[in-house]
K.L.:
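After the structure tokens below, expect a handful of questions from me.
As a basis for the values below, the full set of heavy atoms in this structure was taken, side chains included, without hydrogen atoms, waters or symmetry mates.
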Amino acid sequence: MNKQTIITILLALVAMVGQAQEKEHDGTYSTDPLIEKLAIIAEIVRDHYVDSIPTDTIVARAVQGILNGLDPYSHYDDAPKSKVKQEFMAGSTEGVGISIIVMDSTPVVAGVIPDSPAEKAGLHMGDQILAIDGKNVSGDVQKAYDAAGLLVGTTGSKVKLTVQRGTGTKPISIAIERGRIPLNSIITAYMLTDTIGYIRFDNFTHTTHNDVVATLKDMKAKGMRALILDLSMNFGGLSESVRQLAGEFLNEGDTIETVRGRGACLTGTQCVQGQGIFRQGRMAVIVSGFTHSAAELLAAALQDHNRATIIGWQTGGKGTVTSVFGLPDGSTLTLATARYYTPSGRCIQKPYGAYANTNSHDWGIIPDEQVYPNLNVHTQYYYDINGTDLFLLNHLHYWPGLARDTRKRFFHSSTHWRKDIDNFITHYEVPDSQLNALIDEAHRQGITPADDAELKRSIPMLRLVLKSLVAFSLWGEPARFYVENTADEMQQRVVEVLAQPLMQKKKEVPSNNFNYPDVGQKFRDFSVVNDGKTTRLSDYVGRGQYVLVDFWASWCAPCRHDIPVLITAYEKYKDNGLIVLGVAVNEKPQYSLLFAKQMKIPYPLMLNAQHKSIEDAYGFTGIPHTILFAPDGTILARGLRGKDIDKKLKEIFNDNK
């Protein structure tokens, strides 16, 4: 690779800033002495460093150097990863259309995509794959994991599987011709009641608009007059898909968003055009801290136009537009190129990096009805198990022995499962032996409850998930979510809200002229009362020691991520004069104490702090939020997260380890 080639690559990574999303580059670049300098350095390292380093490694490190510290969203993907992402966003891919899981050193079919080549060929969930094109993939863990790679192939190519269906049965041979696999962006959709429809989708792809419109037409034909959109686990996607979908719910001419970037093509206002399919019925949107980006854009537009009631907890706060630039070798650069603003003028971007210390009043979408996960149901022990394959492995092991009797008792119609499901929910019980096997296997994998009380609180949810998987095997994905949602307090609240008159909300464009204490300014005191005892921030801050104050809530997933970092900081620097203080924001004391016990927080806590008082004192509504105070009470930093906390403390305490 010569210098000119290296220059071309580096220019491709640097000079494309400001181009519109998905706009192709013409392949020509003007030379720049500073960028040529990068190429010369890369060439010197390649030719003269004591150890041989491949050029692609040098370029990859240069890319990371350019992108590191810009923002949390700009990143580089190599060609293989880019291809997978592009296929996903396009709404289809190539292959056979199954997911597999390794069970007892054998690949087992964990799911079959509807209308895929695998479904058409007759593969079933639970089928054990013994061989692929005559090559044994069973009995050896590594061979079992290699099975997924053997199933990959282009449209029209064929693959032959040897599978065993059930214990003690004779293996059968199934031939599959690979093809295009539709990836419906909708996770599940069903009629919750005779008049309320429920739709959940977790990404915005090229097919999302068409998928949702087709589902809405079907639901309207069944009598739907109100709609629940579940965006609680939606991490975003294509903004164009959001604009299309917003037009189905908002009136023509309504503003969807305003985008402000450096280039003219990245600045402007998007408004609804044409006729929408659902502009009159009641709507509710479920959000959470896992709702990001494009999903926040849709929720904000519906909230600002008073079209839907937003229910849940504060969203993730990604208000940055990212553009994807294709590079000559098939890799891609994803770069933050603009910020978007909601119809009322809000920028929902959560502060990060250099912006973390600005006077940001709030970020994310604040729901109209704030409903948080119930810690007495969704315990940390349940979350730990749910983050593994243990539920599915347990179900695949027990289902063959339960299937015949369960189908006889509960399965009457695959197309009208809503007629059977209530009877199933009422009368089906997960066998104790199956539940105990799940708990035992989790224990073998190092997943244990904090104590017997947490195990007891977790059991109803463990049973419910196992029960929902039985519903999945009987009727498919919608039935599974229907069963799980029966215990979802958030969805129950949504149904209650939809039955109430729609409240008219006043639209306001928030001011950016706030006067909250920032870096270099003195702290503002506030107090908390628990059991008649008043605790003040001034009991800790301004008394000659560094104080790291963390504002958290027990329902907050990012809080769970940051607190171990804070615990480590406390243990590491407490002898150096560091105080760590936890402030539980907008929580009931019993929930805060339970959360603190689960997280094993060793430092002092201020419980049951009122959100309004802290907002008035420091000007933020989003949590977690961490502030570092100097010994004299001035603010050294605010908005620190994760590794930034450790980095800042190392600077203060001259810790070079």
K.L.:
For R178, check side chain to side chain donor-acceptor pair (under 3.5 Å) against everything at least two apart and list the hits.
P.N.:
S157

K.L.:
Checking side-chain polar atoms at under 3.5 Å, does D78 have a donor or acceptor matched by the opposite partner on S331?
P.N.:
no

K.L.:
What are the two closest non-hydrogen atoms of M224 and I196, and how far apart are they?
P.N.:
CG-C, 4.5 Å

K.L.:
For E119, enumerate each residue passing the side chain to side chain donor-acceptor pair (under 3.5 Å) test, keeping only those at least two apart in sequence or located in another chain.
P.N.:
none

K.L.:
Among all residues two or more places apart in sequence or in another chain, which pass the side chain to side chain donor-acceptor pair (under 3.5 Å) test with S241?
P.N.:
none

K.L.:
Residues two or more places apart in sequence or in another chain: which of them pass side chain to side chain donor-acceptor pair (under 3.5 Å) with S74?
P.N.:
D71

K.L.:
Decide yes or no for F325 and T337: does some side-chain heavy atom of the first lie under 4.5 Å from some side-chain heavy atom of the second?
P.N.:
yes

K.L.:
Distance from T332 atom OG1 to H75 atom NE2, nearest 0.5 Å?
P.N.:
6.5 Å

K.L.:
Checking E296 side chain against K318 main chain: does a donor-acceptor pair fall under 3.5 Å?
P.N.:
yes

K.L.:
Is there a side-chain contact (heavy atoms from CB on, under 4.5 Å) between D77 and V324? Walk through the geometry before answering.
P.N.:
CA-CA 10 Å; D77 291 320; V324 180; over 6 Å; no

K.L.:
Report the distance from atom CG of L298 to atom CD1 of I256, rounding to the nearest 0.5 Å.
P.N.:
9.0 Å

K.L.:
On a heavy-atom basis, which atom in R282 and which in L498 lie closest, and how many Å separate them?
P.N.:
NH1-O, 3.3 Å

K.L.:
Determine whether Y198 and V494 make a side-chain contact, defined as any pair of heavy atoms from C-beta on separated by less than 4.5 Å.
P.N.:
no

K.L.:
Compare every heavy atom of A246 with every heavy atom of V272, then report the nearest pair and how far apart it is.
P.N.:
CG2-O, 4.4 Å

K.L.:
Could you list the residues that satisfy ring-ring contact (aromatic ring centres under 6.0 Å, His included) with F481, not counting sequence neighbours?
P.N.:
none

K.L.:
Could you list the residues that satisfy ring-ring contact (aromatic ring centres under 6.0 Å, His included) with Y340, not counting sequence neighbours?
P.N.:
none

K.L.:
Donor-acceptor pairs under 3.5 angstrom involving side-chain atoms of residues 285-293: please list them, not counting sequence neighbours.
P.N.:
residue : atom : partner : partner atom : Å
S288    : OG   : S232    : O            : 2.5
S288    : OG   : F290    : N            : 3.0
T291    : OG1  : L231    : O            : 2.7
T291    : OG1  : S288    : N            : 2.9
T291    : OG1  : S288    : O            : 3.3
H292    : ND1  : F290    : O            : 3.3

K.L.:
Looking at every heavy atom in both G236 and N234, which two are closest together, and how far apart are they?
P.N.:
N-OD1, 2.9 Å

K.L.:
Please find the pair of heavy atoms, one from L151 and one from I98, that lie closest to each other, and give the distance.
P.N.:
CD1-CD1, 3.8 Å

K.L.:
Do any pairs count as a salt bridge (charged side-chain N to carboxylate O under 4.0 Å, His left out) and have a residue in residues 247-257, sequence neighbours left out, and if so which ones?
P.N.:
R243-E257

K.L.:
For W552 together with F595, are the ring centres under 6.0 Å from each other?
P.N.:
yes

K.L.:
Return each pair, listed once, that meets salt bridge (charged side-chain N to carboxylate O under 4.0 Å, His left out) where at least one residue sits in residues 220-235; pairs must be two or more places apart or across chains.
P.N.:
D218-K222

K.L.:
Any donor and acceptor pair, going by atom type alone, linking the side chain of R200 with main-chain N or O of I187 inside 3.5 Å?
P.N.:
no

K.L.:
May I ask you to decide if I365's main-chain N or O and T315's side chain share a donor-acceptor pair within less than 3.5 Å?
P.N.:
yes

K.L.:
Minimum heavy-atom separation for G179 to P117, with atom names?
P.N.:
N-CG, 3.6 Å

K.L.:
Can you measure from CG (L192) to CE (M219) and round to the nearest 0.5 angstrom?
P.N.:
9.5 Å

K.L.:
Check the pair D304 / R346 against side-chain contact (heavy atoms from CB on, under 4.5 Å), numbers first and verdict last.
P.N.:
CA-CA 10 Å; D304 282 1; R346 293 179 290 167; 2.6 Å; yes

K.L.:
Quick one, Y190 and N485 - any side-chain contact, counting heavy atoms below 4.5 Å?
P.N.:
yes

K.L.:
When you look at Q303 and T342, which way does the side-chain contact (heavy atoms from CB on, under 4.5 Å) test go after all the steps?
P.N.:
CA-CA 9 Å; Q303 184 181 50; T342 74; over 6 Å; no

K.L.:
Just checking, is any N or O donor in the side chain of T188 or E477 under 3.5 Å from an acceptor N or O on the other one?
P.N.:
no

K.L.:
Classify the ring geometry between F391 and Y382 as parallel (under 30°), tilted (30 to 60°) or perpendicular (over 60°).
P.N.:
tilted

K.L.:
Excluding sequence neighbours, so at least two apart, what forms salt bridge (charged side-chain N to carboxylate O under 4.0 Å, His left out) with D211?
P.N.:
none

K.L.:
Verify, without hydrogens or angle tests, whether E369 (side chain) and I311 (backbone) share a donor-acceptor contact under 3.5 angstrom.
P.N.:
no

K.L.:
Rounded at 0.5 Å granularity, tell me how far CG in L245 sits from NE2 in H209.
P.N.:
6.5 Å

K.L.:
Would L250 and T255 count as a side-chain contact (heavy atoms from CB on, under 4.5 Å) here? Give the steps.
P.N.:
CA-CA 9 Å; L250 299 174; T255 300; over 6 Å; no

K.L.:
Check whether any side-chain heavy atom of L67 sits under 4.5 Å from a side-chain heavy atom of L335, and report yes or no.
P.N.:
yes

K.L.:
Can you sort out the partners of A294 under side chain to side chain contact (heavy atoms under 4.5 Å, CB included), two or more places apart, ordered by chain and number?
P.N.:
F204, V242

K.L.:
Kindly compute the distance separating CD1 (I199) from OG1 (T215), expressed to the nearest 0.5 Å.
P.N.:
5.5 Å

K.L.:
Taking only residues at least two apart or on different chains, which pairs with a member in residues 239-259 satisfy ring pair (Phe, Tyr, Trp, His ring centres under 6.0 Å)?
P.N.:
none

K.L.:
If I take atom CZ from residue R339 and atom OG1 from residue T258, how far apart are they, to the nearest 0.5 angstrom?
P.N.:
15.0 Å

